[in-house]
Amino acid sequence: DSGDAETAGGDSGDGGAITVGFSQVGSESGWRAANTKSIQDALTAEAGFDLSFSDAQQKQENQIQAIRSYIAQGVQYIAFSPVVESGWDSVLEEAKDAGIPVILTDRAVDSEDTSLYVTFIGSDFVEEGKRIGDWVSENLGTEPINVVELQGTTGSAPAIDRKTGFEDAIAGNDNISVIASETGNFTRAEGKTVMEGFLQAYPDIDVVYAHNDDMGLGAIEAIKAAGKVPGKDIKVVTIDGVKDGMTALAAGEINYIVECNPLLGPDLAEIIKTLESGGTVEPRIVTQDEAFDQAGAQAVLADREY
Amino acid sequence: MSSVMSSAGTVARHRLFWPVVALAVLLLACVLKSNTFLNITVLEGHLYGGPIDIVRRSSVLLLVALGMTLVIATRGIDLSVGAVMAIAGAVALSQIAASDNPESLTVVLSAIGSAVLVCLMIGVFNGFLVAVVGIQPIIATLVIMTAGRGIAMLITGGQITTVTSAPYKTIATGYWLGLPVAALIAGFFFVAMALITRRTALGVLIESVGINPVASRLAGVRARTIIWTVYILCAFFACVAGFIRSSDIMAADANNAGLFIELDAILAVVIGGTSLAGGKFSLVGTLVGVLVITTLTFSVTILGIPANAVSLFKALVVILVCLLQSPVVRQKMRKRRAAPVGTAPAPVEVPA
Amino acid sequence: MATDQLTPSKAPTDARPSFGSRVRRFRIDERYVPVLGTVVVLIAMLAIGGSRYENFLTGRVIANVLINNSFLVVIAVGMTFVILTGGIDLSVGAVVALSGCVAAWMFTHGYGAAVAIPAVILVGTVIGLVVGVMVHVFEIQPFIATLAAMFLARGLCYIVAPESIPITDPTIVALARTRWGTDDGLVITPSGVIALAVVAIAFVTLHYTRFGRTVYAIGGSEQSAKLMGLPVARTKVLVYVISGTCAGLGGLLFAIFSRSGYALTGVGMELDAIAAVVIGGTLLTGGSGFVLGSVLGVLVLGLIQTIITFEGTLSSWWTKIFIGALLLIFVVLQRLLAIRRR
Amino acid sequence: MTDTAVSTQDPAPIVAMTGISITFPGVKALDGVDFRLFPGEVHALMGENGAGKSTLIKALTGVYTVDSGSIVVDGEERTFAGPAQAQAAGISTVYQEVNLCDNLSVAENIMLGHEVRRAGVVDWRRTRSAAREHLRTMNLDIDPKSSLSSHSLAVQQLVAISRAMVVDARVLILDEPTSSLDADEVARLFDVVRALRDRGVAILFVSHFLDQVYAISDRMTVLRNGALVGEYRTADLDRVELVQKMIGRALAVLEELEEAPKRSVAERADTQPFVQAIGLGRKGTIEPFDLDVYAGEVVGLAGLLGSGRTELARLLYGADHADSGEIRVEGVHTKMRTPRNALARGIVYSSESRKTEGIVGDLTVRENIVLGLQADRGWLRRISRRKSDDVVNRYIEALGIRPANPEAIAGNLSGGNQQKVLLARWLATAPKLLLLDEPTRGIDVGAKAEIQKLVADLAAQGMAVVFISAELDEVLRLSHRIAVLRDRRKVAEITNSDAVTTDDVVHLIASGGQS
Ligand SMILES: Nc1ncnc2c1ncn2[C@@H]1O[C@H](COP(=O)(O)OP(=O)(O)OP(=O)(O)O)[C@@H](O)[C@H]1O
Ligand SMILES: Nc1ncnc2c1ncn2[C@@H]1O[C@H](COP(=O)(O)OP(=O)(O)OP(=O)(O)O)[C@@H](O)[C@H]1O
Ligand SMILES: [Mg+2]
Ligand SMILES: [Mg+2]
């Protein structure tokens, strides 16, 4: 069903550069910044692209407006990381009517009509949570442990999915009990505040599961301030694998990280090139996310890009 | 007997009565949930425990609310404080990160110095828009609220700048005489401002400008200078708050540092009894407001309120405090206590 | 005695000027100056945009500005009522989210559009009423009352719909799909029509009803309005009800626009609405401003967003700085125009 | 102790208030006051500043709820929840401070709540023409579409009165409606009032002008310190008695002032004026004028309302920017950019509109009084508690500010007392030139006499004073020289002497100085 993309090639008259409109969610985190940079670095003029980039400031309405603008401007391809899963049908239909292929990055949409977009590239949040859960279950869940969870922004897809994945994975292990779960809004500062509260309220925490590195790093600060050793007295597991997180992992303060790769730019460029040359692509491309333990982190830390 | 009754009545009638009660109830709830909550222990030579955490946590909001109180007293409002916090952290930490020796005190001090300078300039800019150009404060400060985070990100390149620097770390997590340095800093500025506004004439001049700017100008008060000054002060306090926030996590998070703190600060100011219409202000009230809000946030974790219900819980507490504190309800209470008095005139109060 | 009370009784009447001659004359009615400033700068922005970007001054782009912001127009209209009385409503963003969530919830639970649509709007009305009562009966400052309502509405969102729910109801889908007009030229959607209708109703209400004039009077001086015997209490509660209702309707339009209900939508939308109202020349102190100005304000914000998209090369942070700078240029120019005219 | 002056053949009162008490925090504003108002009479409510007149009116119209007492309107016991209900019951009120909305047009201010509607929608054309009709009864020929704020206080006052006429009221309450009007306007107002009285409307009238009270009222009620002194027929009570009843003692000050005109012969010690305005002017507000003011001299400004007296004073104070001419203070060219420049040179200005430009409402009396002094010193050097006690208590006593409580909120004071607080603020700075714009407006007989005496004394001690008052008498009595303004232009300047009469000045105004 992604084959109809060729139709869009029609109006590429201007010097051969492929015009692409990319609407980013916003710039809410270091992860996002790395993602943006990767895309801007991949879709350059030298590589044969004419990239129009816009930042929606975490607002769906801005994003819809941007996509409509791209349609009005007559770009050849539209790519975007949807702020939310729902609510894209109308604008995607407009793009389809205008014959512009759409590529989703990082986050999926829940449209039933999958012909509205060519492909999705990104990570599977549920899977990420599940991998963390599996690791905890196997490595720590051999004896009774108390886990506290630092959730992402309430209601956001990564927060919901990472929670679900984790819960699914540990469901079979009676040793693991999640004693508290609170939102830290994906930020370091709130991760720290919430962890401070946890440390006051629950004297016997064994594991912290943070939905992203930043909250995990905040929690580490709180653990240290309480006179305990992160990674030893209290184990820390997180998702993302940004540089700071990997550094802490290598330093032994975090125990396990499941990567969520932000470097989608090259993949995106390749997909567009393929489509442009008349090829077809898979409707769903899940990026290869790695997972690191402390030894693994030390090995790769030196040449991490982000 | 009756004198006891009446003095209890006086206490209950005080503007800060209900906020203090709310504070007490929240603390009590925390203690019931976690009975070691109020215990203060000595850990590695400093004090550790729930109350200490709350005090240390309060420092950021207290600083911001301190400046906000002054701005609000002049009938203004400053939405840019969160962005200023982000810029302060971004400037200071990128400078430290770029230096050869992040651990050196001089590097840290010069980084702090340049951040203060940048923030003061923002204060000057806000004050200029409000006092000289005459733009409505909410819009004037909306400019920096929007652009400021962009500037902070420009400085950090959109990344979260992380550093290790012991002197800088001391700001938020250090202890002096067993007490958190952050709280000492906030406390110092709080006491200093309380003294400056009440021991000099600044307080009364600010109030006068807030109540009736035209009359104040005709009375010879430098209304423009005063308005300008409070915006500069507000930016300065936000800057210090930004240091504490960034030192707390040893990272400059341009996106999230101080996000929505302006709303919490305004809420604290109002719970403390300062009217958004300008005029009479109370710094002690602001302190109580700050403690209520910090404790509220803290208690969410302690009490284990589900993430989905946090907003609702906060809303209910805020609504309850505001309702109990409202002039009408207080009037009703007074009516029940004392002989009826005319209803129309607002109660006369002397600020703290 | 008491001759000091005497006033000259023999003032020759022919010598004194009539009061009429002492009225200061203005070339343009002072009240329209801020709005005119907005219009002038808006036109300037269009001109600059048109000369910088191709495909900018097309009917499609202009129509998109209105269509994409129809919900904001409705919200700004409600906000105008509140601000005209000297109040402020911070709850609208959260109410938009809440009514969207309620809509999505009702549709997924099998309610038809005939039930859901009124219910969704009513959600806003109820919250507006709660705010109105807090503000008027309990004399809580509007900023705080509406802030509390904002927390409340946001909290309810998470209870009603913890995750984003798509809306597949045929009526909503039809409303979202319908567009009238030429393909590449000026188009209008049902949402746009609703927004324009709301503007028209608001205009008539504000300028041609007693209620509307009372709104202005309260903004001028609440004390005077009370002493003039105007129904201050009722009016003050009503403006929040109106604002809430508009936010409810705005939430419905947003639900149509995005065809989903999501707890995190509309964060900061209240600031957009307030900014639109103020940019449209309304004073936050109340009593002065026009609902049409607020519409212009929304268009300005929409245009800023459009320019950013057309600019195309801005990184995330330059986007923020750019918005701030445009906002600054706009308010300063508008202010200077106002001073010049004085 | 309470006298009654109503005989049994009078008709039933339309308003009967009995035993009305109202307490504000710290003040018993009304203490068991009885008051009756009959149809077809003009009833004057008399009393010093702060006696409780305005409070009684607000009690009647439901602005304040009474602590005790009953209000009977038209034979029915009523408690109004607010002015709206009082209006519905036929009681129309013009409150003391002009209470209109200055963001709206004149027509709207008159017709708010009574707009002419067609099918629920306001018909502006008819509404405006109705407003014009009402303005015409007040002899006011202004554009109903013009904005209220573009008119002077006097016009606004007349607009407020026109508004009160819109409803077909059976009771009309006028709280100091004449304080900012000139004689002519007063005469016109009285014509309207008389006509209403003859139609059977009951009119309650408050004024500090005894002449006016005697000219218009049939009966009067006197209050003192919130308590009723008595109710009298105007014809039965002469002025001396009335004043004695109001202030509770003999009128020593008044008599003193009566005897010796305070204007001493102008013997100028200095050859150089303290302030010299040369060709000072500002487009659209006042044409360039020359004016010298010497130390120890009172210069009166005479002119009709809107003649530009306020504008002249504001230029001298730097409250507005002059766009032509220069000011010399003690011979030295001085820039007057802001009020601070003037203050630094010992020039102060007491504004005519105390509500918006004078009093800082939520501050205390103490803070208001020391505000000028403090502003002059800068924020760093706060005036010590002892010094402020000194100053404040001195002026509270000297000017008879009531309540004599420095911590009272200034905005809660009665109108006249607010004016005194303002005066105290300026006197406390020990100025060299005092610009007084309508300092005696809304001030009771006793206090007015005291203020006049004060001005005379200050001049005698060497202070230069510019005195603006709508009352020519007052200007004539106090001034050494009188500058006459007309249509925002200074048209004449005369040296005052016993030979100059009000008629002379009126003539000068009328002829525009051409005679
Ligand atoms: N809202 C209020 N709060 C507290 N005190 C008040 C309030 N209103 C009036 N007062 C006090 O009540 C007393 C009576 O005031 P009122 O205004 O009735 O005087 P008045 O007779 O009208 O004087 P004036 O001639 O100066 O207008 C004064 O002492 C005043 O300070
Ligand atoms: N803000 C304004 N807008 C329009 N006209 C004004 C304004 N201020 C003053 N005027 C007009 O300017 C003229 C001069 O006013 P000014 O106040 O100087 O007169 P005045 O002699 O002091 O009279 P008054 O006794 O009314 O104070 C008046 O006709 C007044 O209506
Ligand atoms: Mg009075
Ligand atoms: Mg005047």
Residue, of Glu221(A), Lys192(A), Arg32(A), that accumulates the most heavy atom pairs under 4.5 Å with chain B: Lys192(A)
Interface residue of largest heavy-atom contact number with chain A, from Val300(B), Thr36(B), Thr173(B), under 4.5 Å: Val300(B)
Flag, side chain of Gln151(A) to backbone of Ala307(B), donor-acceptor distance under 3.5 Å: no
Toward chain B, the part of Glu196(A) with a non-hydrogen atom under 4.5 Å: both
Side chain, backbone, both or neither of Val310(B) within contact of chain A (heavy atoms, under 4.5 Å): side chain
Residue selection (most heavy-atom pairs with chain B, distance under 4.5 Å) from Val194(A), Thr183(A), Asp214(A): Val194(A)
Segment of Thr193(A) engaging chain B (4.5 angstrom heavy-atom cut-off): both
Top contributor to chain A interface from Ile249(B), Asn35(B), Asn39(B) [non-hydrogen pairs under 4.5 Å]: Ile249(B)
Smallest separation among heavy atoms of Leu47(B) and Val42(B), with atom names: CD2-CG2, 3.9 Å
Residue part contacting chain B, namely of Asn185(A), when any heavy atom lies under 4.5 Å: neither
Donor-acceptor contact present, side-chain Gln95(B) to main-chain Val107(B), <3.5 Å: no
Distance-only polar pair, side chains of Ser123(A) and Asp289(A), donor-acceptor under 3.5 Å: yes
Ser34(B) versus chain A, the contacting section by heavy-atom distance below 4.5 Å: side chain
Basic-acidic side-chain contact under 4.0 Å: Arg245(B), Asp253(B): no
Whether Asn146(A) side chain and Asp204(A) backbone form a donor-acceptor pair below 3.5 Å: yes
Nearest atoms (heavy-atom pairs only) where Leu150(A) meets Met215(A): O-CE, 3.2 Å
Under 4.5 Å from a heavy atom of chain A, the part of Asp53(B) involved: side chain
Between Gly191(A), Ala222(A), Ala225(A), Ala226(A), the one whose heavy-atom pairs under 4.5 Å with chain B are most numerous: Ala226(A)
Residue, of Arg57(B), Lys33(B), Gln159(B), that accumulates the most heavy atom pairs under 4.5 Å with chain A: Arg57(B)
Greatest number of heavy atom pairs closer than 4.5 Å to chain A - which of Ala257(B), Ala254(B), Gly49(B): Gly49(B)
Trp31(A) side chain to Asn212(A) backbone, donor-acceptor under 3.5 Å: no
Asp213(A) side chain vs Val242(A) backbone, donor-acceptor pair below 3.5 Å: yes
